[in-house]
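The structure appears right after this line, and notes come after that.
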Amino acid sequence: MYTQSFINADASSAAAPAQVSPIESPERMAAFDRAIDADGRIEPQDWMPQAYRKTLIRQISQHAHSEIVGMLPEGNWISRAPSLKRKAILLAKVQDEAGHGLYLYSAAETLGVSRDSLLDALHTGRAKYSSIFNYPTLTWADVGVIGWLVDGAAIMNQIPLCRCSYGPYARAMIRVCKEESFHQRQGYEALLVMMKEGTDAQKAMVQDAVNRWWWKCLAMFGPPDADSPNSAQGMRWGIKRISNDDLRQKFVDATIPQAEVLGVTVPDPDLKWNADRGHYDFGAIDWDEFWATVNGNGPCNRERLATRVKAWDEGQWVREAAVAHANKNKREEKAA
Ligand SMILES: [Fe+2]
Ligand SMILES: [Fe+2]
């Protein structure tokens, strides 16, 4: 995944964890500020302001939700992959996303919130996840484009998180980023094969997928900096390291040369190299469409949530069996 700039308060942030005394004092605040100013790490046992804790719970849980919801659009294609090789790669990728979700739920739990409460917020529609997963995957080319562009955008967003001030989140992101790099490469390679060796119909399918995903990927970085009032606080706390607009520009600059190698264009008549700035200029994003999707009215919001809830309900017996097994082991340990 897949972070977008997580700017929306939601009910998952209302949880009030209290492993460490929440009471603020000038001494505690000063020690926290010193650690942040020195670019140090805040660990679960350290005192932290409640606002910092709540922000992290919201961001990490939304990130975890994005990982597991992100399995769904591509999961649809596992049984329809065009070859055994592509199927094995896609299976590995989708399993990686499940693993990312697990690392991130674990990181959120270190802040004193329960995994059950986070999943409940997701399943009841109170929590957000990245809007990019509320669009359909219409063709096999979409799977390649998701790897290349969606995972590519995720890498841009997530590499700075390896330096996040909260230790468990930063450490989780190191492995996540290595796996995202594989995701990006497998998508690009699948597209390259279609563009260099495919039929005209396959090449047209790739171009069509790029046309449908391009603007949505640019929106993944979140609203313009001028409209992101919470970004400054995130920067101050060392949670956010690079602004939405700067990340978006880095993504465009890195991706256009890749599109040229592939032989596809992006659907932006305003895109052009700006020699003075040393960057590509690009056109305006349709933020109305972005917000409609964030607010639950994208093409697949209801379908994604329903699939998640069904998986949760159908897994109830597995969770019960695991608890029964753990209890049996405990009883046997005590009896021994
Ligand atoms: Fe991921
Ligand atoms: Fe990924």
Side-chain angles (χ1 to χ4, degrees), residues 1-6 56 58-78 81 86-108 115 118-119 122 127-137 140-164 166 168-192 209-210 213-214 216-222 247 250-251 254-255 258 300 304 307-308 311:
M1 164 87 272
Y2 314 99
T3 50
Q4 61 200 15
S5 180
F6 291 117
L56 279 167
R58 185 174 70 241
Q59 177 164 337
I60 299 173
S61 62
Q62 288 184 355
H63 191 165
H65 300 328
S66 303
E67 298 286 355
I68 62 169
V69 176
M71 298 168 71
L72 303 178
E74 291 175 288
N76 281 339
W77 280 92
I78 290 172
R86 294 293 167 198
K87 181 170 180 149
I89 292 170
L90 186 57
L91 265 174
K93 192 231 186 219
V94 172
Q95 285 179 351
D96 281 354
E97 307 299 7
H100 298 174
L102 296 181
Y103 308 150
L104 290 163
Y105 284 123
S106 297
R115 190 176 303 206
L118 298 178
L119 286 169
L122 174 65
K128 301 286 186 203
Y129 55 84
S130 180
S131 274
I132 196 77
F133 302 118
N134 288 319
Y135 297 100
T137 38
W140 172 252
D142 287 42
V143 173
V145 169
I146 287 174
W148 175 38
L149 296 181
V150 176
D151 291 89
I155 294 169
M156 283 291 171
N157 256 329
Q158 292 179 167
I159 284 178
L161 290 172
C162 297
R163 296 185 290 118
C164 166
Y166 188 57
Y169 193 24
R171 289 189 288 275
M173 292 319 298
I174 292 169
R175 178 163 174 175
V176 168
C177 283
K178 287 180 182 163
E179 292 174 349
E180 293 302 350
S181 171
F182 151 62
H183 300 171
Q184 196 265 358
R185 293 293 291 273
Q186 65 81 34
Y188 190 72
E189 196 266 344
L191 297 177
L192 202 56
V210 172
W213 288 94
W214 174 252
K216 295 165 179 53
C217 290
L218 295 196
M220 279 176 73
F221 295 95
L247 284 169
K250 278 165 76 81
F251 176 75
T255 306
Q258 295 168 3
C300 299
R304 298 291 182 240
T307 306
R308 268 304 313 160

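As the structure is a prediction and not an experimental result, all values here were calculated from the model. When a ligand or atom number is given, it counts from 1 through the structure's own listing order. Basis for what follows: all heavy atoms, side chains included, without hydrogens, waters or symmetry-related copies.
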Can you tell me if an N/O/S atom from Glu67 lies under 2.8 Å from the Fe ion (ligand 1)? yes

Check whether any N, O or S atom of [X], backbone or side chain, sits closer than 2.8 Å to the Fe ion (ligand 2).
X      : answer
His183 : yes
Asp151 : yes
Glu97  : yes
Glu180 : yes

| request: Classify the ring geometry between Phe221 and Phe251 as parallel (under 30°), tilted (30 to 60°) or perpendicular (over 60°). | output: tilted

Return yes if some donor-acceptor pair links the side-chain N/O of Thr137 with the main-chain N/O of Asp142 below 3.5 Å, else return no. no

Q) Crowded around Arg115 CZ? As in, over 12 foreign heavy atoms under 6.0 Å? A) yes

The Fe ion (ligand 1) has as its nearest N, O or S atom from His100 the atom ND1

Sorted by chain and residue number, the salt bridge (charged side-chain N to carboxylate O under 4.0 Å, His left out) partners of Arg185 (sequence neighbours excluded) come out as none

By side-chain hydrogen bond (donor to acceptor under 3.5 Å, both in side chains), Tyr105 pairs with (sequence neighbours left out) His65

